[in-house]
Amino acid sequence: MLVHGGESGVTSHWLVKSEPNAYSFADLQRDGSTVWDGVRNNAAALHLKAMKVGDEAFFYHSQEGKEIVGIASVTRTAFPDASDPTGRFVAVELAPVRALKNSVTLADMKAESALKDMAMLRQSRLSVSPVSDAEWAAILKMAGG
DNA sequence: GCCAACGTTGGC
DNA sequence: GCCAACGTTGGC
């Protein structure tokens, strides 16, 4: 699909982290959509600002599970994060796409050579990170299609 | 619970 | 503008 401007129709892929105790993929499925706010890191915020409607993101459970459990899509591009008193940070809106058939654990990802340069593995504390097309495909394959 | 990584803050 | 101190994240 061709729209206007330089980024027309090209979707990007991302990975977002959440502690399932705080907000799990099941919560997202229950809610239908959610405002992805609370990001307080400039690198992560830059990634949020680069998200386009229709981009898809792996939904990773940190601490409990340490695995990718599902896919979400961006339904609203970056807007000011109302929970940020400084006004510096942004939020996006995400909706659930589907759960993965098999979740892909951190150990699985570390063991996969195709993922050795993955942003989330190189910088584990980053809560929003880009995923290349090759990495996206590799993880989908690991998840059972 | 501990600790490594890393970002942020504030004194100078 | 530097850098030490501190806070937070997240794997182990």
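These values consider heavy atoms only, across backbone and side chains, with no hydrogens, waters or symmetry-generated copies. The chains referred to below are lettered A, B, ... by the order of the sequence lines, with proteins before strands, and numbering in each begins at 1.
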Colleague: Could you tell me how far apart Arg40(A) (CZ) and dT9(B) (C1') are, to the nearest whole angstrom?
Modeller: 16 Å
Colleague: Report the distance from atom CG of Leu126(A) to atom P of dC6(B), rounded to the nearest whole Å.
Modeller: 10 Å
Colleague: Figure out the CG/C1' separation between Asn42(A) and dA5(B), and round it to whole Å.
Modeller: 17 Å
Colleague: Hey, quick one: are Phe58(A) and Val97(A) part of the same hydrophobic cluster, counting side-chain heavy atoms closer than 4.5 Å, chains of contacts allowed?
Modeller: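 Same hydrophobic cluster.
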Colleague: Does some side-chain heavy atom of Val53(A) sit less than 4.5 Å from a side-chain heavy atom of Thr75(A)?
Modeller: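 Answer no - side chains too far apart.
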Colleague: Kindly say if Lys66(A) contacts the phosphate of dT9(C), meaning a side-chain N or O under 4.0 Å from OP1 or OP2.
Modeller: no
Colleague: If only side-chain N and O atoms of Tyr60(A) are considered, is one of them under 4.0 Å from the OP1 or OP2 phosphate oxygen of dT9(C)?
Modeller: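 No, Tyr60(A) has no side-chain N/O under 4.0 Å of OP1/OP2 on dT9(C).
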Colleague: Hey, does the side chain of Asn41(A) come within less than 4.0 Å of dT8(B)'s phosphate (OP1/OP2), counting only N and O?
Modeller: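 Indeed not, no polar side-chain atom of Asn41(A) lies that close.
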Colleague: Choose from dA5(B), dG11(C), dT9(B) the nucleotide whose nearest atom is closest to any side-chain atom of Arg125(A).
Modeller: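 Shortest atom-to-atom distance from the side chain points to dA5(B).
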Colleague: In whole angstrom, what separates Met109(A)'s CE from dG11(C)'s C1'?
Modeller: 12 Å
Colleague: Using side-chain heavy atoms (C-beta onward) and a distance below 4.5 Å, is Phe59(A) in contact with Lys17(A)?
Modeller: no
Colleague: Does a salt bridge link Asp81(A) with Arg40(A), judged by any charged N lying under 4.0 Å from a carboxylate O?
Modeller: yes
Colleague: With sugar-phosphate meaning primed atoms plus P, OP1 and OP2, does Gln123(A) contact a base, only sugar-phosphate, or nothing at under 4.0 Å between heavy atoms?
Modeller: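 Since only primed, P, OP1 and OP2 atoms lie under 4.0 Å of Gln123(A), the category is sugar-phosphate.
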Colleague: Rounding to a whole Å, what distance do you find between Asn21(A):CG and dG11(C):P?
Modeller: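 Atom CG in Asn21(A) sits about 13 Å away from atom P in dG11(C).
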Colleague: Round to a whole Å and report the spacing from CD of Glu67(A) to P of dG10(C).
Modeller: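 Those two atoms, CD and P, are 15 Å apart.
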Colleague: Taking the side chain of Ser127(A) as heavy atoms from C-beta outward, which of dT9(B), dG10(C), dG11(C) is closest to it?
Modeller: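 Comparing dT9(B), dG10(C), dG11(C) against the side chain of Ser127(A), the answer is dG10(C).
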Colleague: Provide, to the nearest angstrom, the distance between the CG atom belonging to Leu121(A) and the P atom belonging to dG11(C).
Modeller: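 Rounding to the nearest Å, CG of Leu121(A) and P of dG11(C) are 10 Å apart.
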Colleague: Round to a whole Å and report the spacing from CZ of Arg88(A) to C1' of dT8(B).
Modeller: 9 Å
Colleague: Side chains of Met118(A) and Val131(A), heavy atoms from C-beta outward: is any pair under 4.5 Å?
Modeller: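 Contact flag for Met118(A)/Val131(A) side chains = yes.
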